[in-house]
Number of protein chains: 2
Amino acid sequence: MSRQPPTLEDVARAAGVSRATVSRVVNGVRNVDPALQEIVFRAIELTGYAPNRAARSLVIRRAETVALVVSGVGGAADDEAREVFATRVFTDPFFGRVVGGVMSFLRPRSMHPVLMLAESDADRQEVVSFLRQGRADGALVVSTHPDDPLPALLAGAKLPAVLFARPSRAVPLTYVDLDHRAGGALAARHLLARGCRRPATVSGPLDVRASRERLAGFREALADGGVTDVPLAEGGFTLASGIEGMADLLARHPDVDGVFAANDLMAQGACRLLRQRGRRVPDDVAVVGFDDSGVAVTCEPPLTSVRQPVERMAEEMARLLDSQVRGESQAPTGVVFDPELVVRASA
Amino acid sequence: MSRQPPTLEDVARAAGVSRATVSRVVNGVRNVDPALQEIVFRAIELTGYAPNRAARSLVIRRAETVALVVSGVGGAADDEAREVFATRVFTDPFFGRVVGGVMSFLRPRSMHPVLMLAESDADRQEVVSFLRQGRADGALVVSTHPDDPLPALLAGAKLPAVLFARPSRAVPLTYVDLDHRAGGALAARHLLARGCRRPATVSGPLDVRASRERLAGFREALADGGVTDVPLAEGGFTLASGIEGMADLLARHPDVDGVFAANDLMAQGACRLLRQRGRRVPDDVAVVGFDDSGVAVTCEPPLTSVRQPVERMAEEMARLLDSQVRGESQAPTGVVFDPELVVRASA
DNA sequence: ATGAAAGCGCTAACAG
DNA sequence: CTGTTAGCGCTTTCAT
């Protein structure tokens, strides 16, 4: 039969020392005689000892684990809807970049993220329970929707958490975010630099702060370049709204020669409509997107796009959560990152 | 100051019963007076009790958690190489589909996977430690390379594990896999059905079992349709080898009118070369790929491809691991899934 | 059906 | 610098 796995006690006995000493050696606490240390190491080797984490967690009152939760807004999603949401979300390269960034902080610390999906109210409760049970010390949350109720829930329960993107309602939680204004400015200056004289924009929904900031940044940089009248069509971040917005813009201002779409999907829609109307991209009209998502690459032509440094942002989230969990940081803060422009064929 | 979180003891006191009773109620054990049960529930509510998992795990000797590990073969990857590997892997839709499938089994059980990446020897040791420390009860492993040493390590340590794809060397571990033979047959029958009279194939490396099986299935089904002489070019699963293989095929058999490439990347290469040589796809030469990966959609034209039911396979992995952890299953087994053909423009 | 009590394996005072 | 000891919060016989 398979014996019980060896415990500290077993190692202590094998080494002829006390449990405390073995514990000290295992946890690299100094104040241990090098000679004894050596003996203990050998005993560990000999017994094939592996510390029991549950026991350690019980006493240090920490799991040394964090949850990575992707959160939607579904009210009461059924299994079917959740399944669809899950594959869509996990299949999105954005998620992959977040995971990569988070892990690059966690790995050197021998920590590994627990993946959670919160698409229904029950799911959100599950996340809260998970943390309250001490299965993870805190949460890194990536919301797919600005009205996600999870952040407020977490803050209310005083659970350590860090958000990707500043929450719409004021929630006292630490977050990382992009300087959307700077992103808009990047697009504006690029268009200006390639000689556009009549730039326009298909913005995101104006009730979303990020949309407003991208727009403001775009306008400001254009004004700096002497362009003050900027045709605007409000979109909804969908392909259809990109097509529609572009059509609208073209109808009102046939002389448009540059467009900044607030995300890649709308930029793709704009490209499609432009070509359909016989305008060449970028020769007649240059198009700049936002996000540098997968469609930026597959779009015809490939999109010049404003990119978020997602990996670095995610890494910072993990760092912020870590210091929060160790009680090193107190008040919630926000860390803002600069976007970069990825130049491809569309502008 | 923030009080300690309530314990079973606190609830017991509030309800006027013993800890044992509260424990029974919490864990839904029968043999509890409905009246008392009600009282206990109220006390739980009142105190805001949440069970401490570390304590529970310590006593039941189980974490009720599984690790999902993506494993490569790097010898001693540095941080840089690992970073690249991480984003490439996590950004691949295949990984997203695996995560989705795994979670659909885990969620109803309030379990959540811990994500691990094993790209170096140290990483693999880390995975073994993680399990030995009882931080997870078993591992679901997805290898990116057939020579991955992790499965053997796990088997050697007698740790519960289930693999995606049968390991190349015989390792006594449970796995799920695709019926590659049936996949090849699917491609063959599709080509035959659309009227191809001179089908050929760009296979994968013939020292990889999956490659050999896809090829065998392709040939068998072709033979059943009366085609016995099948031009073959051995590729290496890369875009370049797809181009090369197709060029080779064309040189030797200018009358080829259908091609089965053993993965989408090579199929894309084949398409590219075909068009370059003035052949229309699919009119002159029909092309079928394998994997139904992202390139299948972005390829010009979009690829008809053989698809693995990845989500269902991943779900089954979780199920198999679960029964293994609960000691319900004994000897390693293999569960094989049927592929499906996704028809797009290329064939 | 309920309670009393013995640990699960580890850490952290506190002595020495 | 090392050992002794008292729990961490929960599950689980074993009595009752």
Side-chain angles (χ1 to χ4, degrees), chain A residues 2-41 43-44 47-65 129-135 137 326, chain B residues 2-41 43-44 47-65 129-135 137 326:
Chain A
S2 63
R3 287 194 324 283
Q4 299 290 341
T7 70
L8 260 196
E9 181 74 53
D10 298 320
V11 179
R13 200 173 321 139
V17 299
S18 73
R19 280 193 335 241
T21 301
V22 179
S23 175
R24 288 179 187 116
V25 172
V26 169
N27 295 301
V29 181
R30 45 183 191 296
N31 293 347
V32 270
D33 184 315
L36 267 192
Q37 185 157 302
E38 190 47 42
I39 295 181
V40 172
F41 275 135
I44 289 176
T47 54
Y49 172 73
N52 179 316
R53 297 299 295 210
R56 174 176 164 89
S57 283
L58 178 57
V59 88
I60 69 174
R61 298 161 167 288
R62 224 185 289 139
E64 298 184 290
T65 290
S129 289
F130 196 85
L131 295 172
R132 298 220 321 138
Q133 292 180 163
R135 300 179 68 166
D137 303 318
R326 322 181 94 90
Chain B
S2 64
R3 286 194 325 285
Q4 300 289 342
T7 70
L8 260 195
E9 181 74 54
D10 298 320
V11 178
R13 199 173 319 136
V17 297
S18 72
R19 284 194 331 241
T21 301
V22 178
S23 174
R24 288 179 185 116
V25 172
V26 169
N27 294 301
V29 181
R30 45 184 188 295
N31 293 349
V32 268
D33 185 313
L36 267 192
Q37 184 156 300
E38 190 49 41
I39 295 180
V40 172
F41 276 134
I44 289 177
T47 54
Y49 171 73
N52 178 315
R53 297 299 295 210
R56 174 176 164 86
S57 283
L58 179 57
V59 111
I60 68 174
R61 298 162 165 289
R62 224 185 288 140
E64 298 184 292
T65 291
S129 288
F130 196 85
L131 295 172
R132 297 219 323 139
Q133 292 180 164
R135 299 179 70 167
D137 303 319
R326 320 183 97 91

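So you know, we letter chains A, B, ... as the sequences are listed, proteins then strands, and number each from 1.
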ask   = Where does the chain A footprint on DNA chain D start and end, counting 5' to 3' with a 4.0 Å heavy-atom cut-off?
value = D/dC1 to D/dG9
task = Would you check, one step at a time, whether the test side-chain contact (heavy atoms from CB on, under 4.5 Å) holds for A/Arg56 with A/Glu64?
result = CA-CA 10 Å; A/Arg56 174 176 164 89; A/Glu64 298 184 290; 3.2 Å; yes
ask   = Rounded to the nearest 0.5 Å, what separation is found between the CG atom of A/Asp137 and the OG atom of A/Ser57?
value = 7.5 Å
request  = Quick one: pull up CD in A/Gln37 and CG in A/Asn31 and give me the separation to the nearest 0.5 Å.
outcome  = 11.0 Å
inquiry  = Working to the nearest 0.5 angstrom, can you tell me the gap between A/Thr65 OG1 and A/Leu131 CG?
reply    = 11.0 Å
ask   = Under the 3.5 angstrom rule, does the side chain of A/Arg62 hit a backbone N or O of A/Arg326 as a donor-acceptor pair?
value = no
request  = Give the B/S/- string for nucleotides 7-16 of chain C, one per nucleotide from 5' to 3', where a protein heavy atom under 4.0 Å of the base yields B, of only the sugar-phosphate yields S, and otherwise -.
outcome  = BBBBBBB---
request  = Kindly calculate the angle separating the two end axes of the helix from C/dA1-D/dT16 to C/dG16-D/dC1, each obtained from five base pairs, and round it to 10 degrees.
outcome  = 30°
request  = Provide the closest heavy-atom pair for A/Leu58 versus B/Ala55 in the form atom of the first, atom of the second, distance.
outcome  = CD1-CB, 3.7 Å
Distance in Å, B/Arg135 CZ paired with A/Arg53 CZ, rounded so as to fall on 0.5 Å steps = 4.0 Å
inquiry  = Could you measure the distance from the CZ atom of A/Arg13 to the OG1 atom of A/Thr7? Nearest 0.5 Å is fine.
reply    = 7.0 Å
request  = Taking the side chain as every heavy atom from C-beta outward, state whether A/Val17 and A/Ile39 have any pair of such atoms under 4.5 Å apart.
outcome  = no
task = Would you confirm whether A/Ser23, through its side chain, and A/Arg19, through its main-chain N or O, come within 3.5 Å as a donor-acceptor pair?
result = no
